[in-house]
Undergrad: 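Below is one structure. I have some questions about it.
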Amino acid sequence: QSALTQPPSVSGSPGQSVTISCTGTSSDVGTYNRVSWYQQAPGTAPKLMIYEVSNRASGVPDRFSGSKSGNTASLSISGLQAEDEADYYCSSYTTSGTVVFGGGTKLTVL
Amino acid sequence: EVQLVESGGDLVQPGGSLRLSCAASGFTFSSYAMYWVRQAPGKGLEYVSTISSNGDKTYYGNSVKGRFTISRDNSKNTLYLQMGSLRAEDMGVYYCARLRGTWYFDYWGQGTLVTVSS
């Protein structure tokens, strides 16, 4: 199972909006609404941000939103804050009956 | 409060073995499938292994199949990963995570570091 494709890095200034894409195939993202997103600050464990494509996890600000179109899912962050700087990973259920992760995207807040 | 605490990470020689543990608390452990996910230094997350809630079904990533064995003891609220024939590419932080029904991980442990080197 190949990893989902994410851009290696994105950046934005405080207050701006950014979008991170996550491209899979018809064997994963394109077939199932079982896409989730995780935030990982340096030296810490991943933290669930979004599940089932667009549902925010408990305590996640509404500045974070998720969507999907075809084989590509997206995580959007509006009103960027310094604390949003982290690595972000997408994940999807697959026809193999397991989960596949994206390669990760480093978000830099300028 | 849900807690997952991994242990057992260590420095091991290539070809060696290691057993990781993940102690769960704050929830009904026996009701959830569990995952092991690893992260090589400076790299992304990689699926390692899954076990069903009662332990009767197990799955493995291609890179560890035949070398690693996942198990659980629901009476002790503990998840295990027996790792064998370790290679340099197995090095990294190993996380245990709780799987929810629609295939997302709502809780993760803090991770345990496995170093494979002679």
Side-chain angles (χ1 to χ4, degrees), chain A residues 1-9 20 22 24 27-29 31-60 66 68 73 75 86-106, chain B residues 1-7 9 20 22-24 26-27 32-52 56-65 68 70 79 92-113:
Chain A
Q1 184 71 45
S2 299
L4 306 175
T5 301
Q6 297 181 234
S9 63
I20 299 171
C22 169
S27 296
D28 38 64
V29 176
T31 294
Y32 303 103
N33 287 327
R34 296 177 178 180
V35 176
S36 51
W37 289 90
Y38 304 88
Q39 177 192 64
Q40 187 179 35
T44 69
K47 172 190 172 186
L48 175 68
M49 303 299 283
I50 299 286
Y51 64 97
E52 294 170 1
V53 175
S54 59
N55 294 313
R56 275 185 299 277
S58 176
V60 174
K68 190 187 87 165
L75 173 70
D87 294 328
Y88 290 83
Y89 294 91
C90 62
S91 173
S92 175
Y93 180 69
T94 79
T95 54
S96 301
T98 60
V99 160
V100 64
F101 292 97
T105 297
K106 181 178 180 59
Chain B
E1 178 194 6
V2 171
Q3 281 199 315
L4 298 170
V5 179
E6 301 94 337
S7 61
L20 306 183
C22 169
F27 66 102
Y32 292 87
M34 297 293 295
Y35 260 62
W36 285 101
V37 176
R38 70 185 181 185
Q39 187 170 35
K43 301 297 184 182
L45 303 173
E46 181 188 10
Y47 163 67
V48 174
S49 186
T50 316
I51 188 166
S52 60
D56 65 339
K57 296 183 182 67
T58 58
Y59 306 90
Y60 300 92
N62 289 335
S63 59
V64 307
K65 204 171 294 184
F68 290 10
I70 191 172
L79 173 72
V93 176
Y94 283 70
Y95 297 100
C96 62
R98 188 176 83 167
L99 180 71
R100 296 304 302 269
T102 48
W103 296 88
Y104 62 93
F105 307 104
D106 59 349
Y107 287 96
W108 298 66
Q110 85 289 349
T112 188
L113 178 63

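In what follows, chains carry the letters A, B, and so on, assigned in the order in which the sequence lines appear, proteins first and then strands, with residues in each chain numbered from 1. Everything numeric here is computed off the predicted structure, so don't read it as measured data. Computation of the quantities below employed the complete heavy-atom set of this structure, encompassing side-chain atoms and omitting hydrogens, waters and symmetry-equivalent molecules.
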Undergrad: Does A:Tyr38 have its ring centroid less than 6.0 Å away from the ring centroid of B:Trp108?
TA: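 Close enough - the centres of the two rings lie under 6.0 Å apart.
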Undergrad: Given a strict heavy-atom distance threshold of 4.5 Å, which part of B:Val93 is in contact with chain A: side chain, backbone, both, or neither?
TA: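 When you check distances to chain A, no heavy atom of B:Val93 falls under 4.5 Å.
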Undergrad: Kindly give the heavy-atom pair with the smallest separation between B:Trp103 and A:Val99, and that separation in Å.
TA: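 Minimum heavy-atom contact is CE3-CG2, 3.6 Å.
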Undergrad: Evaluate the ring planes of B:Phe105 and A:Phe101, with Trp represented by its six-membered ring, and classify them as parallel (under 30°), tilted (30 to 60°) or perpendicular (over 60°).
TA: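 The rings of B:Phe105 and A:Phe101 lie parallel, inter-plane angle below 30°.
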Undergrad: Checking an interface table here. Which of residues 41-50 of chain A come within a heavy-atom distance under 4.5 Å of chain B?
TA: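 Hits under 4.5 Å: A:Thr44, A:Ala45, A:Pro46, A:Leu48.
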Undergrad: Tell me, for A:Gln40 versus chain B, whether the close heavy atoms (under 4.5 Å) come from the side chain, the backbone, both or neither.
TA: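 Side chain only.
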Undergrad: Indicate the atoms forming the closest heavy-atom contact of A:Tyr89 with B:Lys43, along with that distance.
TA: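 What the structure gives for the nearest pair is OH-O, 3.5 Å.
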Undergrad: Quick one: closest heavy-atom pair of B:Thr102 and A:Glu52, and the distance?
TA: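 Nearest heavy atoms, B:Thr102 then A:Glu52: OG1-OE2, 2.6 Å.
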Undergrad: Checking B:Tyr47 now: which residues fulfil side-chain hydrogen bond (donor to acceptor under 3.5 Å, both in side chains) with it, not counting sequence neighbours?
TA: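 Partners of B:Tyr47 by the side-chain hydrogen bond (donor to acceptor under 3.5 Å, both in side chains) criterion, ordered by chain and then number, come out as B:Thr50.
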Undergrad: Quick check on B:Tyr35 against chain A: is it the side chain, the backbone, both or neither that has a heavy atom closer than 4.5 Å?
TA: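 Answer is side chain: those atoms of B:Tyr35 sit under 4.5 Å from chain A.
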